[in-house]
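To start, the structure under review is shown below, and the notes come after it.
When a ligand or atom number is given, it counts from 1 through the structure's own listing order. Throughout, residue positions are numbered sequentially from 1 according to the sequence presented.
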Amino acid sequence: MSEKVFPKDFMWGAATASYQIEGSPLVDGAGSSIWHRFSHTPGNTYNGDTGDVADDHYNKYKEDIALMKELGLKAYRFSISWPRIFPYGKGKINEKGVDFYNRLVDELLKANITPFVTLYHWDLPAALQDLGGWTNRDIAYWYTDYADYMFQRFGDRVKNWITLNEPWVMAFVGHFMGEHAPGMKDLYASFSAVHNQLRAHSKTVKTFREENIKEGKIGITLSNTSHDPAADSQEDIDAARLAHEWSNYPLFLNPIYKGDYPKGIKEHVSEFLPHNYENDLEEIKEKIDFVGINYYSGDLVKTDTKSFLGGKTVERGLPKTEMGWEIYPEGFYKILKGVQEEYNPKEVYVTENGAAFDDKVVNQEVHDEKRIEYLKQHLEQALRAIQNGVTLKGYFAWSLLDNFEWAWGYSKRFGIVYVDYKTQKRIIKDSGKWYSQVIKNNSFEF
Ligand SMILES: OC[C@@H]1[C@@H](O)[C@H](O)[C@@H](O)c2nc(CNc3ccccc3)cn21
């Protein structure tokens, strides 16, 4: 393989999520979600932004799929909104919600674009939150029933399934930091959410196997930040390792592949894990077909006895994106190489990688050179990982479209396609044109 060309059949895609792009959150019988409630609660999002309209993808999906085809995408990762299907999370089914995703999937297949479906990207039915949400052990059954129904309705056409998007963010940004829905600040609730998401994930994988989806594959998508020790001291090395075990793939892959939480978690924060969690570990240890890796940035960790887990982030003067996240491509390689060395997954997909920059429209064009540079630097590291034994099979740029960036609302743009929220006009950015050439050449050098 030439040193700049990706393997044949490498799956080039782009990713989105239901609440971030669809709009119409309560239309056609859909139930409310925790993000509908959270964004409608004053003070929770920048400028009071909500997902009420977003990119109006619920109505513009055909136009957006035509854009994907124009870009030459091989695959498209999107999420299904659980409350569109089960307005109350369980029980009554909303056929109009199922119909939207039927039309979306059929249009993708017509465009010869492979669907990768995320079953849960944070928009929990609000009715289930009223029953405790991810802190209620019964959610493992509610979620598995929802997922099983999706397998039955779409498994004939959708062959690639992701159970959960970034369970760490759901658990800690949503239940400890309070910056995401459901807006809780309770560390015990956070670890309960970790544990119940793992239970839900593994029960769903078992059900997926029983449904025997022809050529079907199922995995999980995990958030990752490359944590480096600030100094070559044992205390900084230990602090960085603990941050890795807590906030990156080990927190979930250790139970899934090795049947227990990481050593550092058990040594330092086992008090927050649910009572008798050990009883569930055997069931959680369930083989998956691929690991989804999300990567955006890295940070430097210094020992600090006053901080949670004994470490704090310190500056190292690297360039940053509009999110204030370091641009650290080497960290991408470290995360990819690390997951292969620590768990040796059959397949790895980069399910999200991208950056927010201050994009401006000039004469109906968006010259986002910084994003092209970011993507190129990270693709170089992805190819380096493949050349060093990582079973990387595909890459999904985050995101196809500028969209609702959670608590940041519409103030941060990650898309390779610009969205004018006043007119809903789409403009392919220079990065989208560049990415289209990457796909055509199967290389970032052309
Ligand atoms: O922030 C960009 C994207 C976001 O739009 C996606 O929905 C989500 O999957 C996503 N995860 C990260 C990385 N992790 C993260 C950490 C703290 C807060 C929010 C996201 C970035 N992104």
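Here Gln20 has side-chain heavy atoms under 4.0 Å from ligand 1, and that is the only part of it that gets that close.
At the shortest separation from atom 1 (O) of ligand 1 among protein heavy atoms lies Glu405 OE2, 2.7 Å. Of the protein's heavy atoms, Val169 CG2, 3.8 Å lies nearest to atom 15 (C) of ligand 1. Scanning all protein heavy atoms for the shortest distance to atom 17 (C) of ligand 1 gives Val173 CG2, 4.1 Å. At the shortest separation from atom 14 (N) of ligand 1 among protein heavy atoms lies Glu166 OE1, 3.6 Å. Taking atom 3 (C) of ligand 1 as the reference point, the nearest protein heavy-atom neighbour is Tyr296 OH, 3.5 Å.
Within the listing of ligand 1, atoms 6 (C), 7 (O), 8 (C), 9 (O) sit less than 4.0 angstrom from a heavy atom of His121. Taking every heavy atom of Phe414 and a limit of under 4.0 angstrom, the matching atoms of ligand 1 come to 1 (O), 2 (C).
Between Arg37 and Asp130 a salt bridge is recorded (basic side-chain N to carboxylate O distance below 4.0 Å). Ion pairing of Lys429 with Asp359 is present here, as a side-chain N (NZ or NE/NH1/NH2) and a carboxylate O approach within less than 4.0 Å.
Checked by atom type, the side-chain pair Arg77/Asn160 shows no donor-acceptor distance below 3.5 Å. For the residue pair Tyr410 and Asn403, no side-chain donor N or O sits within less than 3.5 Å of a side-chain acceptor on the partner. A donor-acceptor pair shorter than 3.5 Å cannot be found between the side chains of Gln424 and Asp55. Side-chain atoms of Ser431 and Asp368 include a donor-acceptor pair closer than 3.5 Å.
The shortest N/O to N/O separation between Trp325 and ligand 1 does not fall below 3.5 Å. Residue Asn165 has at least one nitrogen or oxygen atom sitting less than 3.5 Å from a nitrogen or oxygen atom of ligand 1, judged on distance alone.
Comparing Glu352, Met323, His180, Glu179 against atom 19 (C) of ligand 1, the shortest heavy-atom distance belongs to His180.
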Open item on the list: Set out, in order, the CA-CA distance, both residues' side-chain angles and the distance that settles salt bridge (charged side-chain N to carboxylate O under 4.0 Å, His left out) for Asp420 and Lys422, then state yes or no.
Closed with: CA-CA 6 Å; Asp420 178 333; Lys422 292 189 181 66; 5.6 Å; no
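Note on ligand 1: Trp406 sits in its first shell, one or more heavy atoms being nearer than 4.0 Å. For the ligand labelled ligand 1, residue Trp122 lies inside the 4.0 Å heavy-atom shell.
Put simply, the side chain of His175 gets close to the backbone of Met170: a donor and an acceptor are under 3.5 Å apart.
Within a 6.0 Å radius of NZ in Lys217, no more than 12 heavy atoms belonging to other residues, nucleotides or ligands are found.
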